[in-house]
Amino acid sequence: MLEFQNIYKSFKNDFWSKQFFALEDVSFMVRRGELVGFLGANGAGKTTSIKIILGFIKQNKGRISFAESLGRNKQDILSRIGYFPERPFFYPYLTGREMIFYTGKLSDVKNADISDRMTYWAKRLQIDHALERKIRDYSKGMLQRLGLISALIHDPDFLILDEPLAGLDPLGRKEFKDILTELNRKGKTIFFSSHIVSDVEEICKKVIVLENGKLLYEGSIDSLIKDHIKPGYYFKISSDININTQNYVRIVDEREDSKLYEVDALGKMQFINEMMEKGGELIEVSQNKPTLEEIIYKIQK
Amino acid sequence: MNLILEIKKTFVIARYTFIEIYKSKILLNIILLGFALLVVSYVASEFSYGVQSRIALDFGLGTLYLAIVGISIFFGAALMAKEIESRTCYMILSRPVKRHTFLLGKIAGMSTILAINVFFLGTLTICFYLYLGGAYSNLILWCLLLSFFEAVLLLMVVIFFSLISKTTMSVIYTICVFILGHVLPNTLGKDIILKGDLIFYKLMKLGSLILPNLSKFNIRDHLIYKQELAPQFLWGTLAYAVVYILFLVALNIIVFNRKQLD
């Protein structure tokens, strides 16, 4: 669907200052039907990448290519892309309804279709009551919802969403994530940026990670986790015994009544035997399953 | 087919630009200005003897002219700059809309606002002038038309500056163009420039060649003092305005197409 090839982008703060690279030789690919999370800390280059994809800014070097199924020229491609900006920017004096009609008409959607889709999505996202209000009176969450309706009004095949979950309350976040999953199941390709790893982990199978303008990882979340963790277990046992902390055992937490050990998978039986020999009481056992956030933090270091 | 679609989209953008400006209460200000204009014209005409209608016409057209030039410069400076700074243009340019279509739509929307201003304030002025016993002349309509074209020309100038500099600076540059556009042709024409300072004279001459000759658009004195103006001059001025505006539109399209919207 999208190929981002060896992209370089530099900026200058002012005329005299030295240029800095916001993106340096970044390449990744989004395939048809994927739901891809685009991760990176603030300033990693996510929004810059999206702006380049949509043609708002030009890269210094590198190439962007879209699947032929999206169209051959820029206008055809854009008519099949739904874009949601980092902060949805609207005209403050227009009402929500006017704004949706405005963007819908520019995407060549018939009035009746705009009206039907707007009614459906506004109800689903619970802003149907506010459509006649001026956008300047909208809250942050309402703007996000209106932004999503605007991105979906022309029923695009490919959604590019820049931080769609930022500024939403927990219920709104869940609603958005459910919608993204549902759209993906219906065959839409979704590429969305976020700096909140848990959101991406929850709904995506593939992830692209940027750090300081460089590509850190591209691939499935499962293999990222598999490649970067040593399988093991956590054993919480009573503190009245001591287990020899050899190279496969580490004490992670020590309290008055219990100790928490991290044990490598290979040393599991040895640890259990020693515990039973010493008459220790097992309080809790769990698998060592780090979150994507912990892994990313680890590979960034 | 593509061209029809482009034109359709230009109209859509123009329409919503108009709605956005209209809802920002600018037209309400114009109505207030219209009433102020009536009051000022009436008061001024009361102080004159025998030429009440002409004084009313002079005040009316003058106020209208200042109003549309002001709207053109101050609203025009923000027309594209605000789109870029507040990034509302992202919502439009992420659609199948070419940059020049967007720019033309914005210009058309703003020009409609100017046209409504001219129509409303112009009608008010003419009615008041006729009420005070003034005689109708086609030159009044020409005066309104040329004021409108001057405002559109200044709109193109301010958009150009706003695309290459900051909003405040674009207003200042445009006011400079406005002043020079009126002063230079008159000054050079009257041959009162110190020709001894050749470099200064040549610079002024060059400036008058590059900058729009706005003094051509000002036919209010001819109208007030009932001087005739040849149709060739009027049509020539109109053609000059159209060509200059088209040139600036093309220049703005080139600049906007190359602009990095970050």
Side-chain angles (χ1 to χ4, degrees), chain A residues 9 11-12 22 47-48 50-60 70-71 73-95 98-109 111 134-136 143 146-147 150-151 153-154 156 159-162, chain B residues 1-28 75 78-102 104-106 109-110 113 164-166 256-262:
Chain A
K9 177 68 193 169
F11 289 105
K12 261 179 161 189
T47 300
T48 302
I50 290 175
K51 283 181 189 171
I52 291 173
I53 292 170
L54 289 158
F56 299 149
I57 54 174
K58 230 176 155 38
Q59 67 271 31
N60 303 75
L70 284 178
N73 60 52
K74 197 183 166 195
Q75 302 307 306
D76 286 346
I77 293 167
L78 287 176
S79 68
R80 289 176 181 85
I81 291 179
Y83 167 63
F84 179 99
E86 191 180 359
R87 275 172 290 138
F89 312 102
F90 295 115
Y91 297 95
Y93 291 102
L94 293 185
T95 63
E98 283 168 339
M99 190 67 214
I100 297 299
F101 264 90
Y102 187 11
T103 50
K105 280 181 179 178
L106 291 178
S107 294
D108 307 320
V109 187
N111 281 354
K134 279 184 186 168
I135 294 173
R136 64 196 297 218
L143 287 174
L146 193 69
S150 171
I153 201 70
H154 53 301
L159 279 164
I160 297 175
L161 315 171
D162 196 0
Chain B
M1 189 65 189
N2 268 348
L3 185 68
I4 295 171
L5 212 64
E6 290 281 311
I7 293 170
K8 221 172 115 185
K9 283 180 185 171
T10 307
F11 274 116
V12 171
I13 295 165
R15 183 177 166 221
Y16 284 95
T17 302
F18 176 80
I19 294 174
E20 167 77 2
I21 300 173
Y22 165 74
K23 286 193 173 178
S24 68
K25 304 266 187 327
I26 177 178
L27 288 187
L28 187 70
F75 277 80
L79 189 70
M80 292 309 293
K82 215 170 116 193
E83 289 279 346
I84 297 166
E85 275 165 29
S86 65
R87 293 169 187 174
T88 36
C89 62
Y90 286 1
M91 299 301 292
I92 309 302
L93 296 173
S94 59
R95 313 264 153 192
V97 175
K98 289 182 179 157
R99 286 196 184 190
H100 67 255
T101 309
F102 180 55
L104 291 175
K106 298 295 292 182
M110 189 67 207
I113 293 279
I164 57 167
S165 65
K166 300 275 177 216
F256 189 54
N257 275 339
R258 298 172 70 91
K259 193 162 177 70
Q260 300 266 313
L261 304 172
D262 51 0

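In what follows, every chain begins at residue 1, and chains take the letters A, B, ... in the order their sequences are listed.
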Undergrad: Run the salt-bridge test on A:Asp108 and B:Lys9 with the 4.0 Å N-O cut-off and return the result as yes or no.
TA: yes
Undergrad: Given a strict heavy-atom distance threshold of 4.5 Å, which part of A:Pro156 is in contact with chain B: side chain, backbone, both, or neither?
TA: neither
Undergrad: Restricting to side-chain hydrogen bond (donor to acceptor under 3.5 Å, both in side chains), what partner residues turn up for A:Tyr91, sequence neighbours left out?
TA: B:Glu83
Undergrad: Can you list the residues that meet the side-chain hydrogen bond (donor to acceptor under 3.5 Å, both in side chains) rule with A:Ser79, with sequence neighbours excluded?
TA: none
Undergrad: I'd like to verify something: which residue of B:Asp262, B:Ile19, B:Thr101 has the highest number of heavy-atom pairs under 4.5 Å with chain A?
TA: B:Asp262
Undergrad: So which of A:Gly82, A:Ser150, A:Pro85 has the biggest tally of heavy-atom pairs under 4.5 Å with chain B?
TA: A:Ser150
Undergrad: Could you look at A:Phe11 and say if it's the side chain, the backbone, both or neither that has a heavy atom under 4.5 Å from chain B?
TA: side chain
Undergrad: Shorter than 4.5 Å, heavy atoms on both sides: which option in B:Arg99, B:Lys259, B:Lys98 has the most such pairs with chain A?
TA: B:Lys98
Undergrad: Let me know if B:Phe102 has heavy atoms under 4.5 Å from chain A in its side chain, its backbone, both or neither.
TA: side chain
Undergrad: Would you say A:Gln75's side chain and B:Val97's backbone share a donor-acceptor pair under 3.5 angstrom?
TA: yes
Undergrad: Select one option (side chain, backbone, both, neither) describing which atoms of A:Ile52 are under 4.5 Å from chain B's heavy atoms.
TA: neither
Undergrad: Could you tell me whether the side chain of A:Leu106 reaches within less than 4.5 Å of the side chain of B:Met91, counting heavy atoms only?
TA: no
Undergrad: Please check this pair: side chain of B:Glu20 against backbone of A:Tyr93, looking for a donor-acceptor N/O pair closer than 3.5 Å.
TA: yes
Undergrad: Considering residues, nucleotides and ligands other than B:Lys23, do more than 12 of their heavy atoms fall under 6.0 Å from its NZ?
TA: yes
Undergrad: Taking side chain as everything from C-beta outward and backbone as N, CA, C, O, which of these in A:Lys58 sits under 4.5 Å from a heavy atom of chain B? Side chain, backbone, both or neither.
TA: both
Undergrad: Below 4.5 Å, heavy-atom pairs only: which of A:Glu98, A:His154, A:Lys105 has the largest tally toward chain B?
TA: A:Glu98
Undergrad: Please look at A:Lys74 and chain B and tell me whether the side chain, the backbone, both or neither of the residue comes under 4.5 angstrom of a heavy atom of that chain.
TA: neither
Undergrad: Is it the side chain or the backbone of B:Ser94 that comes within 4.5 Å of chain A heavy atoms, both, or neither?
TA: both
Undergrad: What's the separation between atom CD1 in A:Ile50 and atom OH in B:Tyr90, rounded to the nearest 0.5 Å?
TA: 11.0 Å
Undergrad: How far apart are the closest heavy atoms of B:Thr88 and A:Phe90, and which atoms are they?
TA: CG2-O, 3.4 Å
